[in-house]
Structures are given as structure tokens and as C-alpha cells.
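Read through the structure below, which is laid out as C-alpha cells, and then see the notes.
Keep in mind that this is a model prediction, so the values were computed, not measured.
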Amino acid sequence: MADAVLAYSYARSSGLDLSSGQLDLSTSGGVTPSGPACHPAFFSGLLTRAAPAAAGLLGVADVARARYYDARPTGIVRDPVVTCNGDRLRFESFSACGGVYARLDVLQQALDGEVVELGTTNVDVNDPLRRALVRVGGNDPLHLRVGAEELVATTLDGAVVEKKVPLPTRWVRGFAEVQVIASGFDLRAELTGPEAVRFLRSLPRRGVLWAVPAGRSLRLSARPAAGAICLPGPDRLATLLPLLRFADGLRVYGPAVPAHGLAVASAWELELPGMRYVLTLSPEPRRGFSGEGAVLDDLATAHAEEDADLVGAMLAFEPRLDADLLAERCGLPRDRVRAALTQLGTAGRVGYDVAEAAHFHRELPYDPGRVAAMNPRLKAARDLVRRGAVRFTAPDTAVVGERRVRLTPGGPVCTCPWYADFRGSRGPCKHVLAAQQVRDQAQTDPKDGTR
């Protein structure tokens with residue numbers, strides 16, 4: 001599938017006036033509870049801690065233009081996304097290589113002002129603004145406006161800044177994959193500010209390493225051990241380093257060490273005064289999130305699309321989505337709400353916050369209909385089902401084309417090369433997905449469509 005083009009249109013450039021302490025972030029093409037908006041205004045007031053906020057915003061912008069496995073400049077600048085959830089501002093970006101997700105959460109205790117509107121938009125982070133953000137220091141507050149409260153007409157069409165950049169399918173799919181992967185993380189280690197500084201400044205640049213809790217800190221190992229957190233490509237944590245002078249602590253999240261011992265994703269969260277800056281790393285520096293296949297199990301369920309419509313209608317830019325409350329309101333089992341949230345994630349409508357172990361509502365600026373066609377394994381599985389290529393020979397065993405699939409409690413097994421190569425570490429193969437779909441259809445009551 002060819003890449004789309006994302007067009008930013010700003011009423012004016014973002015800017016920072018250091019003499020007055022005024023930071024204006026210009027917005028483009030957002031979504032609010034009342035619908036789409038060309039230049040939405042979300043917040044007007046003070047950032048009570050200017051220096052860490054400026055450094056964190058610069059870190060998010062740096063990730064957006066980075067390609068970690070290849071140091072050559074990309075020539076492509078994708079502007080960060082900002083969501084106003086009422087009690088916080090969330091700035092998000094994805095690296096150009098698709099392997100690092102960054103987010104700065106500016107929480108209520110670091111904001112003093114008026115929430116003008118809830119919603120999501122892109123913000124202009126241009127080179128002059130980047131240079132000004134580097135010079136912000138001290139503890140003085142910074143005046144912040146996210147979007148102008150009135151349109152400043154500077155040309156006949158009201159737009160003086162336009163950017164057009166490719167929106168690769170791998171980048172879009174990465175946003176969907178990372179929220180599902182992160183929802184399986186647990187807190188694995190917590191370091192104080194001084195310990196975080198010592199650990200992060202001592203890291204080597206290269207390699208896939210494992211960080212093992214040791215007393216109040218972490219030690220590095222080349223092999224996984226009980227309780228270890230995967231650190232694939234320490235150089236990808238580089239945007240944490242300028243923030244260390246503000247750090248109150250470091251929290252590290254990840255899954256349990258897998259039995260196969262292969263590298264896995266992890267999240268590294270720096271606690272700042274009234275803020276959190278988090279980097280989520282893909283399992284390998286040269287491996288983006290787009291091919292991980294974490295969304296496929298949920299997307300393949302029989303009711304995912306219709307359930308997503310129901311759950312999506314109840315979202316109102318909440319900073320935390322309570323899955324149990326959503327299940328109660330929608331009258332759905334919790335597993336179907338989880339699958340619906342995955343479906344909404346592929347449309348860019350929800351993210352996941354590891355610090356609060358909860359999803360949050362936002363609206364990324366891309367076409368959800370286009371995203372639905374971006375998972376070739378799911379498309380191939382549906383084609384196998386349509387062609388009648390799935391035949392169950394036992395309750396847990398199916399022949400799918402030329403392959404044999406077993407749906408065991410310990411996880412599905414297939415005789416195809418994909419399973420032989422990855423052993424389920426990059427999501428199910430098309431044969432497993434097809435078998436799961438046929439089994440789900442057989443378990444559906446044809447009278448009322450429920451299980």
C-alpha cells in the first residue's frame with residue numbers, strides 16, 4: 001500500500017519569546033468533542049516549571065525526526081501530536097524508523113490556566129522554536145497557548161505555514177501496535193533520581209541488553225534473567241539524558257521474561273516535576289513496531305468492529321478509560337471491550353499510559369478506514385476463511401490450507417515457516433488467525449449473535 005501524505009496547515013508558525021516568556025504552539029487539523037476543527041485552541045495559561053517542560057517538548061520533537069538504526073538525516077519532519085484531556089496535555093511522537101514512541105505528559109500540577117477545549121491536533125515545532133526551547137532555563141513559569149483563541153488572518157486563506165510529509169503505513173501501524181504491547185507491561189523497576197542519573201549515564205551505546213534489578217539500581221546483562229527488563233539499543237534512550245537534571249526518578253516497564261528468551265519491547269519513564277516523559281522501545285533497533293502483530297488476535301474476533309463503534313461512541317477525551325466501567329455501560333464482557341479498544345487503537349483513537357495502567361482517548365490525524373486495510377496477515381486469514389480453506393479435525397486442531405494448526409491453552413502452534421521463525425513472538429500467523437475466526441464463528445449463537 002502506497003504511503004499517504006499528511007498536510008499540516010497552520011495559521012502561523014509556533015514561537016517562543018524569551019523576553020516575555022510566551023510560548024505559542026500553533027495547531028493544525030484537530031478533532032474536538034464538537035467535531036473537526038481547522039485550528040483548535042486547547043489551553044491558555046502557565047507552565048509552572050518552564051525548563052523541564054521545554055526540554056521534554058524538545059525531546060518529543062527530536063524523536064519525531066530520528067532514525068535510530070541509520071544516522072543519516074531523513075529530511076522528513078512530522079510534527080508532534082498534542083491531546084488536551086482536561087487535567088493534562090499529552091505530546092506524542094513516533095520516530096521516523098518506527099521503533100521508538102515518545103510521550104510527554106504535562107500533568108495538572110504543572111499547569112495553571114484555562115482549558116479552552118478538549119481534543120487532539122498537530123502542533124508546529126519548527127527549527128527557530130527548537131533553538132529557543134534549548135535556551136529555556138531556571139524555574140520561572142512560561143506562558144503557554146496551545147492554539148490561538150482567535151484566528152489571526154495573515155493571508156487571504158488564513159494559512160501561512162504549510163507542510164506536506166509522507167505518512168508511511170509502518171508509522172501509522174506502529175501507533176496501533178505500541179498501545180497493545182504496552183498494555184501487557186508491568187512495573188519492573190523503580191530508581192530514585194540520583195540512581196537514574198548514574199544508570200542512564202553509564203549505558204553503552206549499542207547492543208540488545210537486559211537490565212536486572214540489583215538493590216536500588218539496575219545492572220546490565222547480555223542474557224535475560226528473572227525479573228529482567230529488555231534494553232534493546234541503549235542509544236535510543238538518548239532523549240532522556242538532557243532531562244536528567246530535572247529527574248525525580250525512573251520507572252521501567254516490560255513484560256515477564258519470555259520463555260523463548262528473545263528480545264522484547266520495554267518502556268522507560270522519567271518522572272519530572274509535574275510531568276512524565278516516556279520512551280517505548282521496539283524489541284530491536286532495526287525493527288519497528290509495525291510488524292509486531294500484537295493487534296491481530298483482537299482484530300480477528302467476531303465482534304471487534306461493531307463493538308468498537310459502540311465503545312467509541314462513549315469516548316469524550318478522558319485521560320483514563322476504565323475498561324470495567326465501559327463494559328458496564330456497553331453491556332459487553334470485558335474481553336470484548338479490550339478487543340474494541342484494540343480496534344479503536346488501529347484507528348488512532350486510543351493510546352495506553354503505562355504509569356496509570358489505563359487507555360486514554362485521543363484522535364490521531366489519519367484516515368481510520370485506510371488503517372483497517374494495513375494488516376496483511378489479517379487480510380490473508382479472512383481470505384482463507386472465505387475460500388473455505390479451514391477444516392477442524394478435532395476441537396483444538398485444524399487443517400488450514402497445507403498447514404496444521406493447534407489452538408492449545410498454552411498458545412497456538414502452526415506448521416508454517418512464520419511460526420517456525422518467530423514462535424508467536426511477533427503475533428499469530430495467517431493460519432492461526434483463520435482457525436480462530438472459524439472457531440469463533442462456530443461458537444456464536446446464530447439466534448442472537450452473542451457467545
Side-chain angles (χ1 to χ4, degrees), residues 30-33 42 56-57 59-61 63-64 78-95 98-107 118-123 146 167 170-186 251 253-254 265-270 275-282 288-290 292 294-295 298-299 304 308 311-312 314-323 325-326 337-368 371 374:
V31 177
T32 70
F42 290 153
L57 179 57
V60 171
V63 169
R78 298 182 189 90
D79 286 338
V81 173
V82 63
T83 297
C84 180
N85 289 124
D87 67 345
R88 71 197 67 191
L89 295 171
R90 299 183 191 268
F91 296 88
E92 297 178 87
S93 70
F94 228 95
S95 65
V100 178
Y101 165 74
R103 194 179 73 247
L104 172 69
D105 293 345
V106 183
L107 306 174
L118 306 179
T120 306
T121 186
N122 285 99
V123 288
V146 180
L167 190 64
R170 68 179 184 277
W171 190 85
V172 175
R173 286 171 60 191
F175 263 111
E177 294 284 346
V178 76
Q179 59 93 14
V180 177
I181 292 169
S183 68
F185 289 174
D186 292 310
R251 298 185 183 94
Y253 303 82
S266 58
W268 301 73
E269 175 194 274
L270 210 57
M275 305 167 217
R276 295 192 292 257
Y277 181 81
V278 60
L279 295 175
T280 305
L281 310 182
S282 66
F289 279 104
S290 62
E292 292 304 289
V295 302
D298 286 337
L299 295 187
V311 173
M314 298 188 174
L315 302 184
F317 291 98
E318 296 92 340
R320 292 172 299 277
L321 297 175
D322 186 321
L325 183 58
L326 285 172
V337 170
R338 184 199 65 211
L341 289 172
T342 299
Q343 182 80 31
L344 291 167
T346 67
R349 300 191 62 195
V350 297
Y352 190 82
D353 186 344
V354 290
E356 301 191 3
H359 290 84
F360 60 89
H361 180 207
R362 52 103 149 98
E363 300 277 350
L364 291 182
Y366 56 70
D367 177 13
V371 177
M374 287 185 183

Checklist entry - Using the ring of each side chain (for Trp, its six-membered ring), is Y101 parallel, tilted or perpendicular to F94, with breaks at 30° and 60°? => result tilted
Considering all heavy atoms of both residues, which atom of [X] and which atom of [Y] are nearest to each other, and what is their separation?
X: V278; Y: A267; value: CG2-CB, 4.3 Å
X: A316; Y: L118; value: O-CD1, 3.9 Å
X: L341; Y: V350; value: O-CG2, 3.3 Å
X: V100; Y: F289; value: N-CE1, 4.4 Å
X: G351; Y: R362; value: N-NH1, 3.7 Å
X: P80; Y: A61; value: CG-CA, 4.2 Å

N/O donor-acceptor pair under 3.5 Å between [X] side chain and [Y] backbone:
X: R349; Y: H361; value: no
X: S266; Y: G254; value: no
X: D79; Y: N122; value: no

Between [Y] and [X], is there a side-chain heavy-atom distance shorter than 4.5 Å?
X: F317; Y: V31; value: yes
X: L344; Y: H359; value: no
X: T280; Y: Y253; value: no
X: L107; Y: D87; value: no

Next on the checklist: Suppose we screen for ring pair (Phe, Tyr, Trp, His ring centres under 6.0 Å). Which residues come up paired with F185, at least two apart in sequence or across chains?
Outcome noted: none
Checklist entry - Residues two or more places apart in sequence or in another chain: which of them pass ring pair (Phe, Tyr, Trp, His ring centres under 6.0 Å) with F42? => result none
Checklist entry - Any ion pair linking E356 and R88 (charged N to carboxylate O, less than 4.0 Å)? => result yes
Item to check | From T83, T120, N85, residue fulfilling side-chain hydrogen bond (donor to acceptor under 3.5 Å, both in side chains) relative to R90 | outcome: N85
Checklist entry - Taking only residues two or more places apart in sequence or in another chain, which ones pass side-chain contact (heavy atoms from CB on, under 4.5 Å) with A358? => result R320
Interatomic spacing from [atom1] in [X] to [atom2] in [Y] - rounded to 0.5 Å:
X: F360; Y: L315; atom1: CZ; atom2: CG; value: 12.0 Å
X: T32; Y: E363; atom1: OG1; atom2: CD; value: 10.0 Å
X: F175; Y: T346; atom1: CZ; atom2: OG1; value: 13.5 Å

Item to check | Residue pair V178, I181: steps toward the side chain to side chain contact (heavy atoms under 4.5 Å, CB included) verdict | outcome: CA-CA 5 Å; V178 76; I181 292 169; 5.5 Å; no
Checklist entry - After noting the C-alpha distance and the side-chain angles of R103 and D353, does the key distance pass the side chain to side chain contact (heavy atoms under 4.5 Å, CB included) rule? => result CA-CA 9 Å; R103 194 179 73 247; D353 186 344; 3.2 Å; yes
